[in-house]
Amino acid sequence: MSKALAKSMEILSSRLRQRKENGLFRKLDLLQGLTDFCSNDYLGFSRNEALFRQIEAARAQYKPQGLGATGSRLISGNSIFAEELEHYLADAQGAETALLFNSGYAANLGLFSAIAQKGDTIITDELIHASVIDGCRTGFATRLKFKHNDLQSLEEKLKAARGICYVAVESLYSMDGDIAPLKEINGLCKKYGALLLVDEAHAFGVFGKGLVYELGLSKEVFATLLTFGKALGGHGAVLLGPELLYHYLINFARSFIYSTALPFEQLLHIRCSYIYLHQNRQLQTSLNQKTEFFKNQFVGTAFEYRLKSGPIQPVLIPGNEAVKKASRELRKMGLAVWPILSPTVAPGAERLRICLHSYNSAEEIEMLAHYLLQNPLPI
Ligand SMILES: Cc1ncc(COP(=O)(O)O)c(C=O)c1O
């Protein structure tokens with residue numbers, strides 16, 4: 001073994017050991033056979049046979065255009081199908097243009113690293129997703145954080161911003177399950193001449209076509225991210241915005257430029273699942289009903305006031321060990337509920353992240369609620 005390899009192995013194993021000692025060691029897991037209270041497949045699209053059949057039929061209609069994209073969009077990976085899909089999505093979402101990315105992570109990384117220049121400011125909600133943070137870290141602008149969903153705190157940061165100012169929020173927060181006051185945030189951005197960027201990874205498909213669209217803000221928000229790996233049960237993402245942004249990202253978003261494009265099969269999946277979503281709005285209604293049913297289990301308990309309006313319901317159980325224990329107990333009951341540990345969330349804010357789905361049965365939801373009610377939870 002070379003000296004360099006020995007040294008590297010020593011560092012890697014020491015870091016892993018540290019993780020284990022802190023109870024933070026991650027490993028891959030299989031959840032087969034368990035009731036799903038943790039995936040982002042809110043509407044069950046990843047297991048929807050009717051959608052599967054529609055994709056099969058569309059495949060015959062469009063004829064598979066190769067198995068792989070063969071290169072990045074800028075070289076050999078572009079296709080009429082991809083461009084038509086982008087036009088279709090832009091039109092349907094009331095946006096000027098749409099640009100596909102391989103994932104939401106890649107889209108945020110590309111967008112936030114490229115959009116702001118040295119001397120500019122990106123203000124983000126303190127709970128913004130890691131992909132936005134990584135994008136900001138890769139770029140040269142200053143990042144300021146405002147208190148979660150706190151308009152006063154945002155205004156303070158807007159006053160302190162230098163250069164061109166960009167404000168980044170999620171519409172439905174992935175870990176806290178609450179909704180950003182988008183209209184008010186947009187109002188503040190207008191007041192201070194800032195540009196608003198909204199990550200709709202979790203809201204798209206859960207709340208209609210996403211909250212930006214549903215609130216009539218499509219033309220006001222500078223860039224909107226939709227992802228297809230959550231409510232649409234597939235993979236990939238799209239950034240919606242003005243034409244100049246589209247051209248800018250093609251030229252400067254490194255995650256777009258230096259990566260093989262999505263394969264035809266995935267583009268087909270996106271097209272079919274997008275159409276399926278709008279032909280089957282009853283699935284969104286069913287998801288809302290399941291969320292209400294879950295919430296009704298807690299009426300009259302102190303817990304009632306901590307419940308969120310959407311399908312993501314965080315249950316705070318401070319301490320990594322305590323929350324892991326609760327997750328293990330639920331697993332023994334056949335329920336997959338994921339524990340969210342610090343430092344993914346702040347120490348003391350560890351939680352079970354319950355995700356409700358249109359396909360969760362009343363019995364499954366009752367069983368979960370029963371466990372939560374039987375076990376004293378911090379309020
Ligand atoms: C808010 C938010 N933005 C972006 C992403 C990344 O999207 P993707 O899974 O498509 O990479 C996620 C994924 O968890 C997310 O929760």
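All values reported here derive from a predicted model rather than from experimental measurement. Counting convention: from 1, in listed order, for ligands and their atoms alike. For reference, positions follow the sequence shown, starting with 1. Just the heavy atoms: all of them, side chains too, but no hydrogens, waters or symmetry mates, feed the values below.
Nearest protein heavy-atom neighbour of atom 3 (N) of ligand 1: Asp199 OD2, 2.6 Å. Scanning the protein for heavy atoms near atom 6 (C) of ligand 1, the closest one is Tyr105 N, 3.4 Å. Scanning the protein heavy atoms around atom 14 (O) of ligand 1, the nearest turns out to be Lys230 NZ, 2.9 Å. If you check which protein heavy atom lies closest to atom 8 (P) of ligand 1, you get Gly104 N, 3.4 Å. What sits closest to atom 16 (O) of ligand 1 on the protein, heavy atoms only, is His202 NE2, 2.7 Å. Residue, atom and distance of the protein heavy atom nearest to atom 5 (C) of ligand 1 are His129 CE1, 3.5 Å.
Each of the following atoms of ligand 1 lies closer than 4.0 Å to a heavy atom of Ala201: 1 (C), 2 (C), 3 (N), 15 (C). Those atoms of ligand 1 that come under 4.0 Å of a heavy atom in Ser131, given as number and element, are 4 (C). Residue contact check: Ser174 has heavy atoms under 4.0 Å from atoms 16 (O) of ligand 1.
For the residue pair Gln93 / Tyr88, no side-chain donor-acceptor distance below 3.5 Å is found, with atom types taken as modelled. Judged by distance alone, the side chains of Ser342 and Glu350 do bring a donor and an acceptor atom under 3.5 Å apart. Using modelled atom types and a 3.5 Å distance limit, the side chains of Asn102 and His235 yield no donor-acceptor pair.
Between Lys324 and Glu321 there is a salt bridge, since a side-chain N of the basic residue sits under 4.0 Å from a carboxylate O of the acidic one. Between Glu96 and Lys219 there is no salt bridge, since no side-chain N of the basic residue sits under 4.0 Å from a carboxylate O of the acidic one. Under a 4.0 Å N-O distance rule, the pair Arg73/Glu86 qualifies as a salt bridge.
Comparing Glu170, Met175, Glu200 by heavy-atom distance to atom 1 (C) of ligand 1, the nearest is Glu170.
Geometrically, Lys20 engages Phe25 in a cation-pi contact defined by less than 6.0 Å to the ring centre and at most 45° from the axis.
Both the backbone and the side chain of Ser103 come within contact range of ligand 1, each with a heavy atom under 4.0 Å.
Closest approach of Phe37 to His357, counting heavy atoms only: CA-CE1, 3.9 Å.
Residue contacts with ligand 1 do not include Gly229, since none of its heavy atoms lies under 4.0 Å from the ligand.
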